[in-house]
Number of protein chains: 2
Amino acid sequence: MFSKACEYGIRAVLFIAKQSQKDLRPNITEISKAIDSPEPFTAKVCQQLARAGILLSKKGPNGGFYLEKDSTLKLAEIVATIDGDNIFKGCGLGLRECSSEHPCPVHDQFMVVRNGLKKMCENTLVMELAANLEEGETFLKV
Amino acid sequence: MFSKACEYGIRAVLFIAKQSQKDLRPNITEISKAIDSPEPFTAKVCQQLARAGILLSKKGPNGGFYLEKDSTLKLAEIVATIDGDNIFKGCGLGLRECSSEHPCPVHDQFMVVRNGLKKMCENTLVMELAANLEEGETFLKV
DNA sequence: TTATTCAAGGACAAATCTGTCTTAAAAAAA
DNA sequence: TTTTTTTAAGACAGATTTGTCCTTGAATAA
C-alpha cells in the first residue's frame with residue numbers, strides 16, 4: 001500500500017510526536033531504535049519531512065526532531081509528502097486518464113475504496129495516535 | 001496501490017474475458033495492443049496467470065489466452081496471484097505482527113480500508129466487468 | 001574559542017521491479 | 001512430415017526503491 005519510506009516516515013513521526021508531548025527531542029539514533037528501522041534510511045526520510053515543514057529539527061547538542069505540542073498534523077500530509085497523492089487520486093488500473101467520462105472498468109469500485117483511505121488519512125491526527133501510543137495501547141515495532 | 005504487473009494483469013484478463021465472451025482467443029500481440037502495455041512484460045504476466053490456472057492458454061495457430069464463458073473469476077484472485085495477499089492482510093505501517101492484541105497505531109483505521117478493498121475485490125466478477133467493456137461504457141487504455 | 005553533538009547532503013551499493021530479447025517447445029494447418 | 005503460429009521460459013538490461021557510508025556544517029556546551 002505505502003512505500004517502505006512512507007511506513008518508516010509515519011512510524012518515525014508518531015514516535016517523535018509522542019516524545020514531543022513529553023518535551024523531548026529524539027535524535028535519529030533514538031528514533032530508528034524506537035521504530036526498529038534502518039538508521040541512515042530513516043534519517044533521509046526525516047530530512048525530507050523536515051524540508052517539507054512536516055517535522056521541525058534542531059542541530060547540535062540536545063538537538064533532534066520534534067513537533068509543536070499543539071500540532072494538527074494529519075496522516076494524509078505525511079503520505080502525500082513521501083509517496084505523493086497518486087494513491088489518493090490515481091487510477092487503480094494505471095490508466096493516465098480515468099474519470100467518470102472515461103472510466104476504467106473498476107473506476108466506481110476503486111473510488112469508494114480510495115476515498116475511504118483518503119478520508120481516513122485526512123481525519124486522523126498524529127497527536128491523537130501518539131496519545132494512544134503513550135498509554136502503551138499501540139506499538140511502533142515488531 | 002497495485003504493482004504495474006498487477007495493473008497489466010487485470011487489464012489483460014478483462015480484455016481476454018471480453019474476447020472470450022465472443023468466442024475469440026487473443027494472442028499476446030492483440031492483448032498488449034488492446035490494453036496499451038509492453039508486450040514482453042505482459043506476456044510474462046499472462047504466463048504467470050496461466051500457470052496459476054487463472055487463465056487458460058492454447059499454443060499454435062489460432063491459439064492464445066482465454067477464459068471459460070461461465071468463469072466466476074474474481075478480481076481478488078488476480079491480485080493475490082500477482083501481488084500476493086499482503087495488500088489485503090498486511091499492516092499499513094509494515095509491522096510484522098500487527099493484530100488486535102498487538103496493534104499498530106492505525107490498526108483499526110486501516111482494517112476498515114483494507115477490508116473494503118478486500119470485499120470489493122472478492123465481490124467483483126471479471127465477466128461482469130467485461131460485459132460493461134463490451135458496451136463501450138468502460139476503457140482499458142489511455 | 002574549542003570540542004562535541006547533532007542534522008544535512010551527496011555519493012555509492014544492493015535489491016527489487018519493470019521491461020527486453022532470444023530460444024525452445026507445443027500445436028495446428030498445409 | 002514440414003512449416004507456421006503461438007505460448008513458455010530463461011537470460012539479460014534499465015529504472016526505481018531501499019539501504020549504507022562519509023563528509024559538511026550548524027549549534028550548543030564547556
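Every chain is numbered from 1 and lettered A, B, ... according to where its sequence line falls, protein lines coming before strand lines.
Look at CZ on B:Arg25: it is 12 Å from P on C:dA27, rounded to the nearest Å. Following rounding to the nearest Å, A:Ile82 (CD1) and D:dT17 (C1') show an atom-to-atom distance of 13 Å. The CG atom of A:Asp83 sits 13 Å away from the C1' atom of D:dT18 (whole-angstrom rounding). Remark: C1' of C:dC17 and CZ of B:Phe2 are 17 Å apart, rounded to the nearest angstrom. In this structure, OH of A:Tyr66 is placed 13 Å from C1' of C:dC6, rounded to the nearest angstrom. Rounded to whole Å, atom C1' of C:dC6 lies 10 Å from atom CD1 of A:Ile28. For the pair A:Asn27 CG and C:dC6 P, the computed distance is 5 Å after rounding to whole Å.
In this structure, CG on B:Leu133 lies 9.5 Å from CD on B:Gln19, to the nearest 0.5 angstrom.
In terms of phosphate contacts, A:Ser57 brings no side-chain nitrogen or oxygen within less than 4.0 Å of OP1 or OP2 of C:dC6. Between B:Tyr8 and the phosphate of C:dG19, there is a side-chain N or O to OP1/OP2 separation shorter than 4.0 Å. For D:dT28, the OP1/OP2 oxygens have no side-chain nitrogen or oxygen of A:Asn62 closer than 4.0 Å.
In this structure, B:Lys22 places its NZ atom where more than 12 heavy-atom neighbours from other residues, nucleotides or ligands lie under 6.0 Å away. Residue-environment remark: CD (B:Glu97) stays at or below the threshold of 12 foreign heavy atoms within 6.0 Å.
In summary, A:Asp85 and A:Lys118 do not engage in a salt bridge, as defined by a charged side-chain N under 4.0 Å from a carboxylate O. The pair B:Lys33-B:Glu30 does not meet the salt-bridge criterion, since no charged nitrogen lies less than 4.0 angstrom from a carboxylate oxygen.
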Inset, instruction - Apply side chain to side chain donor-acceptor pair (under 3.5 Å) to A:Ser3 and A:Asp83, showing your working. - result: CA-CA 7 Å; A:Ser3 68; A:Asp83 280 354; 2.6 Å; yes
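DNA chain D lies under 4.0 Å from at least one heavy atom of each of the following residues of residues 34-51 of chain B: B:Lys44, B:Gln47, B:Arg51.
A donor-acceptor pair shorter than 3.5 Å cannot be found between the side chains of B:Ser32 and B:Thr42.
In this structure, of D:dT7, D:dA27, D:dT5, it is D:dT5 that holds the atom nearest to the side chain of B:Pro61. Set against C:dA7, D:dA8, C:dT18, the side chain of A:Lys59 has C:dA7 as its closest nucleotide.
Of the two residues near DNA chain D, A:Lys58 and A:Ala5, the one whose nearest nucleotide lies more 5' is A:Ala5. Closest-nucleotide positions on DNA chain D for B:Gly60 and B:Phe65 were compared, and the one nearer the 5' end corresponds to B:Gly60.
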